[in-house]
Amino acid sequence: TELIGTFPNNPAVWSNRGNIRVAQHKLDEAIADFERAIELAPKQPDPYLNRGVALEGQGKYEDALNDYNRVLALNPEDPMAYNNRGNARAGQQRWLEALTDYQKATELSPNFAIARANAALVSYQIGNKQEAMQSLRNLVRKYPMFADMRAAFTAVLWEGGQQGEAENNWVATVGIDSRYQDLN
């Protein structure tokens, strides 16, 4: 906010404050900041990408999709835009379209672990359980401190009747991220 007072025409400052507001769950205020950044720099992809995240947080998936499509029109090789568009489509339960977007994100950025994780979760959602299990196993092996994936892997193992391995992974998950101990 102080930087905005000093640099009121700098779109990055507006967009960055919007990101902080998203983290604080102040989505309306964040969207207003992103819109100001867009006014100042309409050909920059980041404010659209960031506004899309805030819109998703409000459950406005079509509006978020419009922003992600705008990013892709500005930069057709943006893996984050594909990943986020996949998230919005998953929010609408458009699983196959989401999977296509996650796969494109990983094609563009092979080490984009979140996109790979999202693809694995959607694969599981649409019934490709073995493929999902192998993807999750590989992700946990490659990124052992990726708590969210380890938690998802735990759930898949448990559902698949592999309780012993699931319990071991659960212990590791709560050791990595104590928030998983909070039942609420």
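Only this structure's heavy atoms are used, side chains among them; waters, hydrogens and symmetry mates stay out.
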Kindly indicate whether the side chain of [X], heavy atoms from C-beta on, has any atom under 4.5 Å from the side chain of [Y].
{"X": "N138", "Y": "R116", "value": "no"}
{"X": "Y48", "Y": "L74", "value": "yes"}
{"X": "L40", "Y": "N10", "value": "no"}
{"X": "N83", "Y": "D101", "value": "no"}
{"X": "R85", "Y": "N69", "value": "yes"}

Minimum heavy-atom separation for [X] and [Y], please, with both atom names.
{"X": "A152", "Y": "L121", "value": "CB-CD2, 3.6 Å"}
{"X": "S123", "Y": "E131", "value": "OG-OE2, 3.4 Å"}
{"X": "V71", "Y": "A81", "value": "CG1-CB, 3.5 Å"}

How about [X] and [Y]: does a side-chain donor come under 3.5 Å of a side-chain acceptor?
{"X": "Y61", "Y": "N87", "value": "no"}
{"X": "R17", "Y": "T1", "value": "yes"}
{"X": "S15", "Y": "N50", "value": "yes"}

When rounded to the nearest 0.5 angstrom, what distance separates [atom1] in [X] from [atom2] in [Y]?
{"X": "L3", "Y": "N16", "atom1": "CG", "atom2": "CG", "result": "9.0 Å"}
{"X": "I38", "Y": "D46", "atom1": "CD1", "atom2": "CG", "result": "10.5 Å"}
{"X": "E56", "Y": "D67", "atom1": "CD", "atom2": "CG", "result": "10.0 Å"}
{"X": "R137", "Y": "N169", "atom1": "CZ", "atom2": "CG", "result": "8.0 Å"}
{"X": "E167", "Y": "T173", "atom1": "CD", "atom2": "OG1", "result": "12.5 Å"}
{"X": "N66", "Y": "L55", "atom1": "CG", "atom2": "CG", "result": "9.0 Å"}

Query raised in the report: Shared ILVMFWY cluster between M133 and V122, side chains joined below 4.5 angstrom?
Result: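 In one cluster with M133: V122, no.
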More than 12 heavy atoms of other groups within 6.0 Å of [X] [atom1]:
{"X": "E165", "atom1": "CD", "result": "yes"}
{"X": "Q24", "atom1": "CD", "result": "yes"}
{"X": "I114", "atom1": "CD1", "result": "no"}

Query - Intermediate values then yes/no, side-chain contact (heavy atoms from CB on, under 4.5 Å), E35 and W14 - result: CA-CA 9 Å; E35 288 175 353; W14 286 95; over 6 Å; no
Query - Test item: Y124 side-chain N/O and A132 main-chain N/O as donor-acceptor pair under 3.5 Å - result: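 No, the answer is negative, given that no donor and acceptor are paired below the 3.5 Å cut-off.
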Query - N111/K142 under side chain to side chain donor-acceptor pair (under 3.5 Å): CA gap, chis, key distance, verdict - result: CA-CA 10 Å; N111 292 322; K142 186 169 183 176; 3.2 Å; yes
Query raised in the report: Of the options D177, L139, V174, V140, which is the one that meets R150 in a side-chain contact (heavy atoms from CB on, under 4.5 Å)?
Result: V140
Query raised in the report: What do the steps show when you test V53 against Y68 for side-chain contact (heavy atoms from CB on, under 4.5 Å), and what is the final call?
Result: CA-CA 9 Å; V53 171; Y68 300 140; 3.7 Å; yes
Query - Salt bridge flag under 4.0 Å for residues E62 and R94 - result: yes
Requested in this report: For the pair R89 and E97, find out whether any cationic side-chain nitrogen is under 4.0 Å from an anionic carboxylate oxygen.
Outcome: yes
Report task. Return each pair, listed once, that meets ring pair (Phe, Tyr, Trp, His ring centres under 6.0 Å) where at least one residue sits in residues 140-171; pairs must be two or more places apart or across chains. Result -> W170-Y180
Report task. Just do the side-chain contact (heavy atoms from CB on, under 4.5 Å) check on Q92 and L65 with the steps written out, would you? Result -> CA-CA 11 Å; Q92 296 174 317; L65 285 169; 3.4 Å; yes
Query - Worked verdict on Q58 versus D28 for side-chain contact (heavy atoms from CB on, under 4.5 Å) - result: CA-CA 9 Å; Q58 293 180 326; D28 289 331; 2.7 Å; yes
